[in-house]
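Below is one structure, written out as structure tokens, with a few remarks after it.
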Amino acid sequence: MEFENKTILITGAAHGLGRELALLLDKSGCSLLLIDQDARGLFHLARELANEPHIVSCDLSDLGERKKLIQSMEKIDILINCAGIGSHSRLSQLTLDEIERVIQVNTLAPMELISGLSPLELVVNIGSVVGEMNLPAISLYAASKASVHAFTRSIQLEGGRILLAILGPLRGTGFAQSIRHPRTDQPKWYRDLDLDVKVAAMEIIRAMRRGKNKIVLPRWYRIVFLVANLFSR
């Protein structure tokens with residue numbers, strides 16, 4: 001697939017992976033529609049792009065704002081669901097507000113955007129390794145991503161063209177810190193295995209071009225899935 005003259009919508013575009021995807025896709029001759037609740041971040045990103053994007057500030061955790069966003073959209077060719085919120089709370093620590101916000105952004109927003117903006121030539125859903133294996137104290141985030149994985153696979157069977165990008169921690173995003181994950185307790189050699197966010201963005205775009213339906217980054221997490229499923233306890 002080529003991106004020239006395509007209209008590409010990226011959620012969570014102001015920072016991290018969404019930002020890197022926007023910077024790379026800007027060079028492909030497409031029209032970018034960038035969504036994030038951080039209006040200032042979107043403004044700064046727009047100044048770095050060679051082609052002026054259309055930017056929209058939207059809080060995807062708000063059902064009303066999501067409906068207005070979908071109703072205001074014209075023809076979108078490619079949708080990249082990159083926005084996400086983390087959670088690293090044990091069951092005893094979870095609050096109803098946290099549950100609602102994480103599910104709204106990570107699960108319901110991608111589903112509603114896919115449904116409301118169809119037909120789409122391509123959808124990219126950003127998943128997580130925790131949606132594929134069991135880990136303690138991350139049940140809410142894992143559930144939100146596992147739902148996206150199942151939703152994606154089902155639509156693929158219906159004939160929809162969707163790429164599921166299953167990602168481990170990425171270096172250069174600050175995401176692990178944002179979810180209060182105690183990665184400082186992990187050995188440095190393990191954290192050094194994290195994939196650089198720029199490399200992840202390039203790999204995702206390469207998979208989009210090649211028409212793949214799934215990609216796991218870093219690739220060695222495929223072995224982790226196998227071990228985790230064999231010794232889940």
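Contact check on Glu48 versus Arg19 returns a salt bridge, with a Lys/Arg side-chain nitrogen under 4.0 Å from an Asp/Glu carboxylate oxygen. By the 4.0 Å N-to-carboxylate-O rule, Arg219 lies close enough to Glu203 to be salt-bridged with it. A salt bridge is absent between Arg101 and Glu98: the closest approach of a Lys/Arg side-chain nitrogen to an acidic carboxylate oxygen does not fall below 4.0 angstrom.
Residues Phe43 and Leu33 fall into different hydrophobic clusters, defined by Ile, Leu, Val, Met, Phe, Trp and Tyr side chains chained together at heavy-atom separations under 4.5 Å. The hydrophobic clustering, which links ILVMFWY residues whose side-chain heavy atoms are closer than 4.5 Å, places Val102 and Leu63 apart. Transitive grouping of hydrophobic side chains (ILVMFWY, heavy atoms separated by less than 4.5 Å) keeps Leu21 and Val148 in distinct clusters. Using a 4.5 Å cut-off between side-chain heavy atoms of Ile, Leu, Val, Met, Phe, Trp and Tyr, with links allowed through other members, Val216 and Trp220 fall into the same hydrophobic cluster. Cluster annotation: Met202 and Leu23 are assigned to the same hydrophobic cluster (Ile/Leu/Val/Met/Phe/Trp/Tyr, side-chain heavy-atom contacts under 4.5 Å, transitive).
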Q: Tell me, with the steps shown, if Leu60 and Glu65 meet side chain to side chain contact (heavy atoms under 4.5 Å, CB included).
A: CA-CA 7 Å; Leu60 292 176; Glu65 288 197 34; over 6 Å; no
Q | side chain to side chain contact (heavy atoms under 4.5 Å, CB included) between Asn81 and Val123, worked out | A | CA-CA 8 Å; Asn81 285 308; Val123 174; 4.1 Å; yes
Q: Determine, stepwise, if the pair Thr7 / Leu32 fulfils side chain to side chain contact (heavy atoms under 4.5 Å, CB included).
A: CA-CA 6 Å; Thr7 300; Leu32 288 175; over 6 Å; no
Q. Leu120 and Ile78: side chain to side chain contact (heavy atoms under 4.5 Å, CB included), yes or no, with the steps?
A. CA-CA 6 Å; Leu120 294 155; Ile78 300 172; over 6 Å; no
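Side-chain N/O atoms of Ser61 and Asp59 include a donor and acceptor closer than 3.5 Å. Residues Asp36 and His15 bring no donor and acceptor atom of their side chains to less than 3.5 Å of each other. At a cut-off of 3.5 Å, with distance as the only test, no side-chain donor of Gln156 or Arg161 sits close to an acceptor on the other residue.
Within a 6.0 Å radius of CD in Gln93, other residues, nucleotides and ligands contribute more than 12 heavy atoms.
Judged by distance alone, the side chain of Asp26 and the main-chain N or O of Asn51 form a donor-acceptor pair under 3.5 Å. Remark: the backbone N or O of Glu112 is not paired with any side-chain donor or acceptor of Ser115 at under 3.5 angstrom.
Here CE of Met133 is found 5.0 Å from OH of Tyr221. Values are rounded to the nearest 0.5 Å. Atom CG of residue Leu17 and atom CG of residue Leu167 lie 6.5 Å apart, to the nearest 0.5 angstrom. To the nearest 0.5 angstrom, Thr152 atom OG1 is 8.0 Å from Met111 atom CE.
Taking 4.5 Å as the limit, some side-chain heavy atom of Leu69 sits within range of a side-chain heavy atom of Met73. Side-chain contact between Leu94 and Ser139 is present, with heavy atoms from C-beta onward closer than 4.5 Å. Side-chain contact between Ile99 and Leu140 is present, with at least one heavy-atom pair separated by less than 4.5 Å.
The minimum heavy-atom distance linking Pro53 with Leu49 is given by the pair CG-CD1, 3.7 Å.
Just one of Thr11, Leu9, Ile8, Ile55 meets the side-chain contact (heavy atoms from CB on, under 4.5 Å) condition when paired with Leu34; it is Ile55.
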